[in-house]
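Remarks on the structure that follows.
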Amino acid sequence: MRTLLLVIVALVASGISWQSAYASPVTRSGHAVPRPPEPESIEVEELPLPPVTASTEPGSCTREINPRGTGCIGRSTGLFSGNFLPDSRHVIATVRFTGAPTAPHPAGIYTGQQLILVKTDGTTFPNGDAWKCVTCGVPEGNAAGTTEEMDYPQAFGDGKRVLAGTNIIDCGPYQLADRACTPQRVHIYPIRWNTTPDGSGPGGSIRELRLHPDNVHLGFSSMAPTNGRLNQHSFLGRLRFNPSPRTGTPHVPRYDLVKVTMLFDPNDTQPIGVDPRDPGKLRFNPLALSVGEVRGFSGSGREVTYVGYPAESSNIDVFAADLRTGKVRRLTAHPEYVDPVDISPDDKWTAVMDTRGTDRMSYLSGMRGIPGITDLLSATPISASRNNGQRRFFQPYLIDAHGDRGSYAGQQINAAGDGSPGSVNDPLWNGRADPKWSPDGTRIVYWQSLVVPPACGGQNPLPCPSSTAPGGRTERMMIAHLTSRKPQKPKPVAPISDTVPWGLPYEVGSTLPARPHPPQGTYTLDGRKSGSAEVTITENSTRTAVTAVAVSYHDYSDDGVLAINGTESMALQNPTPTRSKVDWNSDLVQTEIGTGRTHATKKTSPDGFHLDITVGVNNFQATGTLTTTVDGHTYTQPANGT
């Protein structure tokens, strides 16, 4: 019996005005943006997972815990929720099985990270479980050269294959949900990206893999230090099965990435650059083709989605770029942080995981319309401060294709709970990566984790909650039913071109290029409507990276409604490529043009704001303060360690 957890959710509203110079007032076709949609009826429930054993000792998954002998997971489940199979009735996920008896016991196969299917309609598989393990018991010979990690699982449109980590799980001619798809019939193949001219070696490091809806192409990112700082670029390649590779490792049947294109062109217009007509001026293009980390593709496959360079200072958003034309649109414009995103099959809606509603990041970005100049230095450390270690602050939101505008900030999918422990909107259960649409457009699946030590307890002022989930587990998978929508028949997506006209064909053996920046000097940046800013950029001794930025605003306005005056400066040190030490000074005032009324201020304490944070660790540590006030509402930074 499924337990109904949520019935109706409400429209999200806030005191901050979301309207900005870069929230486009017209559609891509040139027509006026329609009024925001009314809130719709949504029902949310928790999906079943394997039973939980409190111990990781071999044999602790007993028949008392799982009478069918089909495995247990731990309280920390290792969950990665994925997308739907084509039938919209099964969701894929990866979990970590534990407590299995030792071989040759038949239940000994239920161990380690594995791919499972989960029923979404309340039915069960023939054995009575609401879930099925696809990879438990796959013979070693069927998984040669693969990795154990199975993050971000994504089903192919044929219902027979799944991308998980850097592996492709394949059941041959059988549907994954069919009884005929047994572990003995499953093969797991590694994915390799060749990065050496002679084809030798293990290939390049790839992360954040996202399957294109044509089921032929793959988007991925690669990260490496460049000039002492963390650098990441995204790529698009074609998956080609290689049954008998002659070069490179692993020397087993595998998928090779071929026809690879870097989604970057150093000769194209960058977000910040020197005006070629006037070397004393800067140009800022908030919709430049600046692809950071790839996040996926639109439902039609025409666009790639990604985390982009901030269109407004300190505001991390997701964008979409047309793979053919390079036309960019900003999917989100809220001043909070967004990262995971999925566009609906019909391209009319976006599901995101966002910190909006928490005000965690608004001390940085609550003042709107500041051009992203200091972000030459701050984008990476700001991104790292969205979490407190493994504690996220994401909740799922539904936004129409025209994005945030006016007072419309989308609809929180799980807003109507009572906030009690274990409820669908319990603030200590936080969203994780990649909500996913069902192929028929009527459901969204997402997953959450409960805050655990050290992000709570000990020296942390947040007490650790007790899990109310089955077995006390600290991850859960949720499904949102958009009950007023009628199922749509998915449209097949034809294979896209291997060529991205605005991209840079990957040259085998090349290293990740540094992103261009304006050379050291003092420049003028004109407001789009009025005023200007004086910008001073300082480079390191080798002129390979920016180390300091100072900006002085003089009635600067991009929207003709609000003007900015004051100064802001920043310096950055990188003791290691992943660690950032930021020294920040800000004294900005934003007033209404015509009335002179103060709308917002952004100010640091007299000694400045100093942030020390490491990507991946994400432990917020700062001295001094940075405070933003908007129409009398004050936003302050998180306490250290929270």
Side-chain angles (χ1 to χ4, degrees), residues 204-205 207-208 221-234 262 264 266 270-273 282 290-294 306-310 313-316 337 339 361 363-365 370-390 510-521 535-551 568-586 604 607-626 637-638 640-641:
S205 174
R207 62 186 303 271
E208 299 291 339
S221 299
S222 187
M223 187 181 290
T226 303
N227 299 326
R229 294 179 182 171
L230 200 61
N231 185 23
Q232 180 171 229
H233 282 282
S234 292
M262 182 183 297
F264 170 74
Q270 299 300 307
I272 302 174
L282 287 183
S290 181
V291 180
E293 187 170 278
V294 69
Y306 59 93
V307 180
Y309 188 89
S313 185
S314 304
N315 188 3
I316 307 297
Y337 180 96
D339 183 344
M361 307 295 286
Y363 78 100
L364 294 163
S365 52
I370 305 174
I373 305 300
T374 56
D375 301 79
L376 285 167
L377 301 176
S378 65
T380 296
I382 286 174
S383 295
S385 67
R386 72 189 187 275
N387 296 350
N388 171 31
Q390 289 303 306
S510 62
T511 58
L512 294 185
R515 294 184 182 271
H517 65 264
Q520 181 169 296
V535 181
T536 299
I537 294 174
T538 304
E539 296 177 289
N540 60 11
S541 60
T542 58
R543 310 294 291 269
T544 56
V546 175
T547 58
V549 176
V551 190
E568 190 164 41
S569 63
M570 185 178 297
L572 174 67
Q573 300 176 57
N574 290 103
T576 69
T578 58
R579 183 182 173 192
S580 297
K581 298 179 70 174
V582 179
D583 298 310
W584 194 328
N585 289 275
S586 183
T604 54
D607 58 343
F609 173 70
H610 310 279
L611 175 64
D612 189 340
I613 197 162
T614 299
V615 173
V617 178
N618 298 5
N619 180 13
F620 184 90
Q621 295 292 327
T623 58
T625 61
L626 174 59
Q637 69 210 50
N640 286 348

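Just so you know, residue 1 is the first one in the sequence shown, and it goes up from there.
Note that the CD1 atom of Ile613 and the NZ atom of Lys581 stand 13.5 Å from one another [nearest 0.5 Å]. Expressed to the nearest 0.5 Å, how far CZ of Arg229 lies from CG of Asn574 amounts to 5.0 Å. Met223 CE to Ser234 OG: the interatomic distance, rounded to the nearest 0.5 Å, is 9.5 Å. For the atom pair Arg207 CZ and Glu293 CD, the distance stands at 4.5 Å (nearest 0.5 Å). A distance of 8.0 Å separates CG in Asp339 from OG in Ser383, rounded to the nearest 0.5 Å. To the nearest 0.5 angstrom, His233 atom NE2 is 10.5 Å from Ser221 atom OG.
Of the possible donor and acceptor atoms, none in the side chain of Asn315 sits under 3.5 Å from a partner among the backbone N and O of Pro310. Looking only at distances, a side-chain donor or acceptor of Asn227 sits under 3.5 Å from a matching main-chain atom of Thr544. At least one donor-acceptor pair under 3.5 Å links the side chain of Gln520 to the backbone N or O of Glu539. A donor-acceptor pair under 3.5 Å is absent between the side-chain atoms of Tyr309 and the main chain of Gly292, judged by distance alone. Between the side chain of Asn388 and the backbone N or O of Gly641 there is at least one donor-acceptor pair closer than 3.5 Å. Here the side chain of Asp375 pairs no donor or acceptor atom with the backbone of Ser378 at under 3.5 angstrom. Looking at Ser290, its side chain never comes within 3.5 Å of a backbone N or O of Gly308 through a donor-acceptor pair. When atom types are taken as modelled, the side chain of Thr614 and the backbone of Thr578 share no donor-acceptor pair closer than 3.5 angstrom.
Smallest separation of non-hydrogen atoms from Ser586 and Glu568: OG-OE2, 3.2 Å. Summarising the geometry of Gln637 relative to Gly624, their closest heavy-atom pair is NE2-O, 3.0 Å, with the distance given to 0.1 Å. Across all non-hydrogen atoms, the minimal contact from Pro518 to Ile272 is CG-CG2, 3.6 Å. Taking all atoms of both residues into account, the shortest heavy-atom contact from Ala514 to Phe264 is O-CZ, 4.2 Å. The two atoms that bring Leu572 and Leu377 nearest to each other are CD2-O, 3.5 Å, heavy atoms only. Closest approach of Leu626 and Thr604 over heavy atoms only: CD1-CG2, 3.5 Å.
Taking Phe609 as the reference, nothing meets the ring pair (Phe, Tyr, Trp, His ring centres under 6.0 Å) condition, with sequence neighbours excluded. Residues passing the side chain to side chain donor-acceptor pair (under 3.5 Å) test with Asn231, sequence neighbours excluded: Thr226. Partners of Gln270 according to the side chain to side chain donor-acceptor pair (under 3.5 Å) rule, which considers only residues two or more places apart in sequence or in another chain, do not exist here. By the ring pair (Phe, Tyr, Trp, His ring centres under 6.0 Å) test, His610 is found to be paired with no residue, residues two or more places apart in sequence or in another chain being considered. The side chain to side chain donor-acceptor pair (under 3.5 Å) check on Arg386 picks up nothing, with sequence neighbours excluded.
Taking the side chain as every heavy atom from C-beta outward, Met262 and Pro513 approach each other to under 4.5 Å. Between Pro381 and Trp584, the closest side-chain pair of non-hydrogen atoms is not below 4.5 Å.
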*Check the pair Phe620 / Leu611 against side chain to side chain contact (heavy atoms under 4.5 Å, CB included), numbers first and verdict last.*
CA-CA 8 Å; Phe620 184 90; Leu611 175 64; 3.7 Å; yes

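Sorted by first and then second residue, the pairs that involve residues 607-617 and meet salt bridge (charged side-chain N to carboxylate O under 4.0 Å, His left out), not counting sequence neighbours, are Arg579-Asp612.
Across Ile316, Leu364, Ile382, a single residue satisfies side chain to side chain contact (heavy atoms under 4.5 Å, CB included) together with Tyr337, and that is Ile316.
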